[in-house]
Amino acid sequence: MKKTTKLKNLLNSQQLEFLMEAHNGLSAKIVEEAGFKGIWASGLSISASMGLRDNNEASWTQVVDILEFMSDATTIPILVDGDTGYGNFNNARRLVKKLEQIGIAGVCIEDKLFPKTNSFINGTAQPLAPIEEFCGKIKAMKDTQMDDDFIVVARVEAFIAGWGIKEVLARAEAYRQAGADAILIHSKNSDFEQIADFMKEWNRRHPVLIVPTMYYSTPTSEFVKSGVNAVIWANHNLRASITAMQNVSKQIQKDGSLHQVENSIANVNEIFRLQNAKELQIAEMKYLPLT
Ligand code: SPV
Ligand code: MG
């Protein structure tokens, strides 16, 4: 089955589904091996792993280069965090064209202005895109895709920017009517209340994704009850790797020796396994002249 169809099915399935964050080829492969059915290519995580801020400091083609490695390394679908689409409708539709070429299953765009800032940094100071302009962007993206199953998710940032449920509902409905395949409702609150209120009004009229980074203690059963379709665990591989790398770097620096860390980290053979080094050895026997 095509990756696009897999993602489409996932967003329209009868049970709650999960996308796990990855930010490069290796982390994408690890997410697939862990059993996830889909990957969230997080803008925050990709920018951070480049040593940059989540403010469109990396060019969109630099991000596409990373996404291509992620796509090549995996068989499960990738939903890309496309930020604002890197400009107006024209930039966003060109993004869709390139994402389809590299085997990406879908892209999420948010209704902020380019260059964006991460939703958890001074969110209320961030202006939202005019509804009509954002709807035009969604339409242009849907008109551009060659594969009917390619997914465009519209992300509503109105709660983040300090607006109430009326604005959130108006935007979500407008984006649905503009052709978005699903709506992502984001919140920076530490509880699920805001989104639960939205879900009640929304009444399952179109698939909804959420990102519970800040309301992490809400039981997953609450999401199911509310009618959410998919949950994005948005940055947890990046955060795990930060802690692991800080610990091992500090320890080795402090000890001036590898002895303490050797048994607590992946061994070199695990790297080779993840790289599928064995396949190359077999191919060499087949294709290189015998010496
Ligand atoms: C990301 O993972 O980059 C996201 C989710 O967009 S958030 O960081 O919560 O805005
Ligand atoms: Mg992002």
Side-chain angles (χ1 to χ4, degrees), residues 18-24 27-28 31 36 38-60 62-64 66-67 70 77-87 91-92 95 99 104-129 134 137 151-163 168 171 175 180 182-192 194-195 198 208-218 223 228 230-242:
F18 302 91
L19 299 176
M20 179 69 184
E21 171 261 322
H23 50 273
N24 56 24
S27 55
V31 168
F36 281 98
I39 293 170
W40 169 248
S42 157
L44 172 63
S45 299
I46 291 172
S47 60
S49 70
M50 289 169 153
L52 297 176
R53 288 172 285 225
D54 191 11
N55 293 70
N56 300 120
E57 290 184 338
S59 73
W60 72 273
Q62 287 174 320
V63 174
V64 165
I66 302 290
L67 298 172
M70 293 171 67
I78 299 174
L79 177 63
V80 168
D81 176 0
D83 290 344
T84 61
Y86 302 97
N91 306 91
L95 175 67
L99 293 180
I104 294 296
V107 61
C108 175
I109 53 157
E110 62 197 56
D111 55 359
K112 293 206 296 246
L113 304 181
F114 178 89
K116 51 66 63 78
T117 300
N118 186 271
S119 302
F120 302 136
I121 300 176
N122 208 4
T124 41
Q126 298 187 34
L128 297 183
F134 196 70
K137 193 180 271 185
I151 294 293
V152 173
V153 176
R155 165 167 161 180
V156 179
E157 288 282 285
F159 279 145
I160 296 285
W163 295 82
V168 173
R171 284 179 175 266
Y175 305 162
I183 305 295
L184 190 159
I185 303 289
H186 206 6
S187 170
K188 61 186 174 204
N189 289 0
S190 58
D191 61 61
F192 184 55
Q194 219 173 29
I195 292 183
F198 167 84
V208 171
L209 296 95
I210 58 167
V211 184
T213 302
M214 290 301 168
Y215 46 99
Y216 58 85
S217 56
T218 304
F223 305 151
V228 164
V231 173
I232 295 173
W233 308 125
N235 46 47
H236 301 80
N237 274 319
L238 180 84
R239 288 162 60 188
S241 71
I242 288 173

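Every number for a ligand or one of its atoms is a count from 1 in the order of the listing. As a basis for the values below, the full set of heavy atoms in this structure was taken, side chains included, without hydrogen atoms, waters or symmetry mates.
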Open item on the list: Please determine whether side-chain contact (heavy atoms from CB on, under 4.5 Å) holds for the pair S119 and E157, giving the CA-CA distance in whole Å, both sets of side-chain angles, and the decisive distance to 0.1 Å.
Closed with: CA-CA 8 Å; S119 302; E157 288 282 285; 2.6 Å; yes
- [ ] List every atom of ligand 1 that sits less than 4.0 Å from any heavy atom of G43, numbering the atoms from 1 in the order shown and giving each element.
- [x] 1 (C), 3 (O)
TODO: Find all atoms of ligand 1 within a distance of less than 4.0 Å from any non-hydrogen atom belonging to A234, and give their numbers and elements.
DONE: 2 (O)
TODO: Could you tell me whether a side-chain N or O of K137 sits under 3.5 Å from a main-chain N or O of T84, the two making a donor and an acceptor?
DONE: yes
TODO: Please assess E21 against S42 for the test side-chain hydrogen bond (donor to acceptor under 3.5 Å, both in side chains), listing each intermediate value before the final yes or no.
DONE: CA-CA 6 Å; E21 171 261 322; S42 157; 5.5 Å; no
Open item on the list: One residue to check: H186. Relative to ligand 1, which of side chain, backbone, both or neither has a non-hydrogen atom less than 4.0 Å away?
Closed with: side chain
TODO: Please say whether E110 places an N or O atom under 3.5 Å from an N or O atom belonging to ligand 1.
DONE: no
Task: Shortest protein heavy-atom distance from atom 2 (O) of ligand 1, along with the residue and atom involved - done: S42 OG, 2.7 Å
Task: Check: D83 main-chain N/O paired with D81 side-chain donor or acceptor under 3.5 Å - done: yes
- [ ] Apply side-chain contact (heavy atoms from CB on, under 4.5 Å) to N237 and V31, showing your working.
- [x] CA-CA 9 Å; N237 274 319; V31 168; 3.3 Å; yes
- [ ] Could you check whether the rings of F192 and F223 sit parallel, tilted or perpendicular, using 30° and 60° as the cut-offs?
- [x] perpendicular
Open item on the list: Could you check whether any heavy atom of M214 sits closer than 4.0 Å to an atom of ligand 1, since that is the contact criterion I want to use?
Closed with: no
Task: Proximity of D81 to ligand 1 by residue part, where a heavy atom lies under 4.0 Å - done: side chain
Open item on the list: Tell me the contacting part of N118 for ligand 1: side chain, backbone, both, or neither, using a 4.0 Å heavy-atom threshold, strictly below.
Closed with: side chain
Open item on the list: I'd like to check which ligand 1 atoms, numbered from 1 as shown, lie under 4.0 Å from a non-hydrogen atom of S119.
Closed with: 10 (O)
Task: R53 backbone acceptor or donor facing E57 side chain under 3.5 Å - done: yes
Task: Donor-acceptor under 3.5 Å (K188 side chain, F120 main chain) - done: no
TODO: Just let me know how H23 lines up against ligand 1, side chain, backbone, both or neither, with a heavy-atom cut-off below 4.0 Å.
DONE: neither
- [ ] Give a yes/no answer: is there an N/O/S atom of D81 under 2.8 Å from the Mg ion (ligand 2)?
- [x] yes
Open item on the list: For atom 5 (C) of ligand 1, what's the nearest protein heavy-atom neighbour? Residue, atom name and distance, please.
Closed with: R155 NH1, 3.9 Å
Open item on the list: Any nitrogen or oxygen of T213, side chain or backbone, less than 3.5 Å from one on ligand 1?
Closed with: no
- [ ] Could you tell me whether some N/O pair between F120 and ligand 1 is separated by less than 3.5 angstrom?
- [x] no
Open item on the list: Tell me whether the count of non-hydrogen atoms from other residues, nucleotides or ligands lying under 6.0 Å of CH2 in W233 goes above 12.
Closed with: yes
